Amino acid sequence: DDLLARARALHLPRDFVFGGATAAYQIEGGWNADGKGESIWDRFCRKPGAVIDGTSGDVACDHYNLWQDDIRLMTDLGLDAYRFSIAWSRVQPDGQGAMNPKGIAFYDRLIDGLLAAGITPYLTLYHWDLPQALQDKGGWYNRDTAHRLADHAETMARHYGDRVRHWTTLNEPWTFCWSGHASGEDAPGLTDGVKGGLTASHHALLAHGLAVPRIRAAAPGAEVGVVLDLNVVEPASQRPEDITAAKHFELAQNRFYLDAVFKGRYPDELLTLCAGLLPDIRDGDLATIAQPLDYLGVNIYRRSVMQAGTELPPLNFARVSPPGDYTAVGYEIYPPCIHDILTYVHRDYAPKAIHISESGMATRPETPEADGLIHDRQRAAYYIDHIAELDRARQKGVPVKAYFAWTLIDNFEWAYGYTTPFGIVHVDLETQKRSPKLSALCYREVLRARR
Ligand code: PNW
């Protein structure tokens with residue numbers, strides 16, 4: 001097959017890390033098993049209309065029970081690494097106070113199983129599923145939540161730090177803060193506009209900054225980073241109002257987080273624009289946030305072409321869809337985005353190392369062809385083209401060290417439910433049977449072709 005041949009023609013270095021990524025709520029199921037507490041996603045999915053197909057992660061891929069099968073899949077694909085997240089309410093049902101030993105034991109089994117299989121665990125502490133008990137106290141609007149996450153980080157690092165070396169504090173503060181608190185598309189479903197997005201973001205960044213030294217103290221030798229979802233932003237035209245709108249979007253999605261984490265400040269232009277909508281930013285907060293990091297994780301799915309519009313006033317942008325191919329969640333397929341974001345981050349912030357912590361595409365639900373295989377040719381090409389663009393940036397000297405496919409197995413895609421699978425492995429939701437797709441076979445070839 002031509003795609004397999006194209007995969008074999010990529011030659012990343014031998015020590016380049018290839019992995020698969022997932023998140024607890026999207027795959028585990030077992031939403032109330034063995035003493036797990038309720039999370040904001042458990043609550044949100046029960047709200048009529050919140051998830052387009054009316055589903056939830058109650059069962060998802062039943063990874064809570066089938067984790068051994070999933071490790072076997074990773075072994076078959078030859079993955080070096082596995083990026084997963086801990087469901088906070090599984091290990092500590094209320095997000096503070098009593099721990100849940102059975103929940104802790106689940107991740108012990110998973111981590112020990114990965115290590116026995118020779119797969120390196122990359123652990124994310126927070127991938128969107130805040131314990132509902134903390135939401136009841138204000139969630140990310142409550143500054144105290146930052147301290148609760150830092151405590152959680154330390155507890156996890158004490159427990160798993162002897163076996164887990166790679167730690168991520170937050171997954172995508174932009175998305176969980178803004179989609180959760182400004183537009184309301186994600187849990188907890190609040191629609192408080194810019195004020196909501198910025199308040200949640202400041203507290204989330206504070207949580208990150210407080211957590212980093214706690215992880216290092218509890219797990220000496222740990223490599224610690226944060227995962228940001230960044231976008232390559234372009235104005236739709238050279239009209240001044242479009243250039244301004246693109247700038248506002250870039251400040252809000254990229255620079256707010258990057259400047260805080262790497263430079264210990266928020267962009268002045270954004271603070272001026274959003275005066276009156278700002279959270280309580282206290283003396284010392286930005287110094288706390290700007291911890292030295294071992295790596296930056298970047299999730300990149302598309303570029304963003306922006307024009308003047310009415311979204312999130314006073315940011316006032318609108319997304320433009322240039323002609324081209326689009327995925328099932330409406331993202332433009334634009335492979336240079338990965339090269340462009342890597343060179344942008346390297347040029348302006350120079351992290352020690354960069355990981356592409358997520359990259360991948362959604363389709364409509366798929367079914368196997370006569371030969372039993374799902375021929376997801378577009379997804380296979382997506383991986384080949386994006387990894388080639390990553391390699392182009394690497395060859396220019398960008399220190400990109402790892403790439404994680406989003407996602408290992410078809411799973412619960414948040415507000416899209418099960419309507420837009422992203423997996424390189426198909427999951428039959430009736431039988432829970434896993435079957436690698438053509439994209440998985442191509443990915444394996446890319447891994448094998450390293451030299
Ligand atoms: C990520 N964008 O979110 C999440 O980390 C995953 O949990 C999720 O399943 C995956 O993407 C697929 O949607 C995104 O701006 C955040 O293009 C932002 C963007 C894309 C995905």
Side-chain angles (χ1 to χ4, degrees), residues 19-28 39-41 44-45 51-52 55 57 60-61 63 83-87 122 124-130 168-180 182-183 185-187 197 201 204 226-234 246 249-250 252-254 256-257 297-306 311-312 317 319-322 324 326-335 337-338 340-341 355-363 379 382-383 386 404-424 427:
T22 64
Y25 188 72
Q26 296 179 271
I27 66 164
E28 286 179 0
S39 82
I40 57 173
W41 272 93
F44 183 69
C45 291
V51 177
I52 60 176
T55 60
C61 311
H63 172 79
R83 175 172 178 251
F84 66 98
S85 78
I86 289 199
Y122 282 59
T124 298
L125 287 162
Y126 185 81
H127 198 127
W128 305 4
D129 46 353
L130 190 75
T168 294
T169 53
L170 307 176
N171 180 72
E172 300 190 342
W174 157 261
T175 292
F176 79 77
C177 292
W178 290 79
S179 298
S183 66
E185 295 153 71
D186 288 335
S201 293
V226 65
V227 165
L228 301 180
D229 49 324
L230 301 176
N231 255 227
V232 174
V233 185
E234 296 169 22
F249 182 74
E250 188 199 355
Q253 181 169 6
N254 296 352
F256 183 81
Y257 305 93
V298 176
N299 292 356
I300 177 80
Y301 287 89
R302 55 167 160 181
R303 72 172 159 171
S304 291
V305 181
M306 292 293 169
E311 268 183 63
L312 294 171
F317 53 73
R319 187 176 286 280
V320 174
S321 298
Y326 284 79
T327 73
V329 289
Y331 301 162
E332 182 195 12
I333 300 180
Y334 182 70
C337 70
I338 201 162
D340 296 353
I341 203 69
H355 300 167
I356 295 296
S357 33
E358 289 179 24
S359 159
M361 69 166 283
T363 55
R379 182 179 288 108
Y382 184 103
Y383 281 108
H386 283 74
F404 292 85
W406 184 271
T407 175
L408 180 67
I409 51 177
D410 287 347
N411 60 44
F412 177 74
E413 180 51 31
W414 308 114
Y416 288 93
Y418 298 95
T419 65
T420 56
F422 269 84
I424 58 174
V427 176

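What you see is a predicted model; the values in this text were computed from it and never measured. Atoms within a ligand are numbered from 1 in the order they appear, just like the ligands themselves. This chain uses plain numbering: 1 for the first residue, then up along the sequence.
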Subset of ligand 1 atoms that lie under 4.0 Å from at least one heavy atom of [X]:
X      : answer
Thr175 : 16 (C), 18 (C)
Glu172 : 1 (C), 3 (O), 4 (C), 5 (O), 14 (C), 16 (C)
Glu413 : 8 (C), 9 (O), 12 (C), 13 (O)
Phe422 : 12 (C), 13 (O)
Asn231 : 15 (O)

Q. Given that the side chain starts at C-beta and the backbone is N, CA, C, O, which of these parts of Val329 lies under 4.0 Å from ligand 1, counting heavy atoms, or is it both or neither?
A.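 Neither; nothing of Val329 gets under 4.0 Å from ligand 1.
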Q. Heavy-atom contact under 4.0 Å between Trp414 and ligand 1?
A.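 A heavy atom of Trp414 does come that close to ligand 1.
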Q. Any heavy atom of Trp128 sitting closer than 4.0 Å to ligand 1?
A.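 Trp128: in contact with ligand 1 (<4.0 Å).
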Q. Are any of the N/O atoms in Asp229 less than 3.5 Å from those in ligand 1?
A.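 For ligand 1, there is no N or O atom that lies under 3.5 Å from one belonging to Asp229.
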**Q.** Salt-bridge present (Arg83, Glu358; N to O < 4.0 Å)
**A.**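 Yes, this pair counts.
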Q: Assess the pair Tyr331 and Tyr326: is the distance between their ring centroids shorter than 6.0 Å?
A: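 Ring centroids of Tyr331 and Tyr326 are no less than 6.0 Å from each other.
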Q.
To check your reading of the model: name the closest protein heavy atom to atom 6 (C) of ligand 1, its residue, and the distance in Å.
A.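 In this structure, atom 6 (C) of ligand 1 has Glu358 OE1, 3.5 Å as its nearest protein heavy atom.
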Q | For atom 15 (O) of ligand 1, the protein heavy atom that lies nearest, with its residue and separation | A |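 Ranked first by proximity to atom 15 (O) of ligand 1 is Arg302 NH2, 3.3 Å.
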Q.
Let me confirm one number: the OG1-CD1 distance from Thr168 to Ile86, rounded to the nearest 0.5 Å.
A.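 Rounded to the nearest 0.5 Å, the OG1-CD1 separation comes to 11.5 Å.
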Q. What's the spacing between Gln253 CD and Trp178 CH2 if we round to 0.5 Å?
A.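 Rounded to the nearest 0.5 Å, the CD-CH2 separation comes to 10.5 Å.
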(Q) Please verify the inter-ring angle class for Trp41 with Tyr25; under 30° counts as parallel, over 60° as perpendicular, anything in between as tilted. (A)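 The rings of Trp41 and Tyr25 sit tilted, inter-plane angle from 30° to 60°.
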Q | Heavy-atom pair with the smallest gap, counting every atom of Asn299 and Ser357 | A |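 Reported closest heavy-atom pair: OD1-OG, 2.7 Å.
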**Q.** Note, Met361 side chain near His386 side chain (heavy atom, < 4.5 Å)
**A.**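 In short, these two side chains do not touch, never coming nearer than 4.5 Å.
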Q. If we only count heavy atoms from C-beta on, is the Thr363 to Pro421 side-chain gap below 4.5 Å?
A.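 Yes, their side chains come closer than 4.5 Å.
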Q. Looking only at non-hydrogen atoms, which of Tyr301, Tyr331, Phe176, Tyr416 approaches atom 10 (C) of ligand 1 most closely?
A.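 Residue with the shortest heavy-atom distance to the ligand atom: Tyr301.
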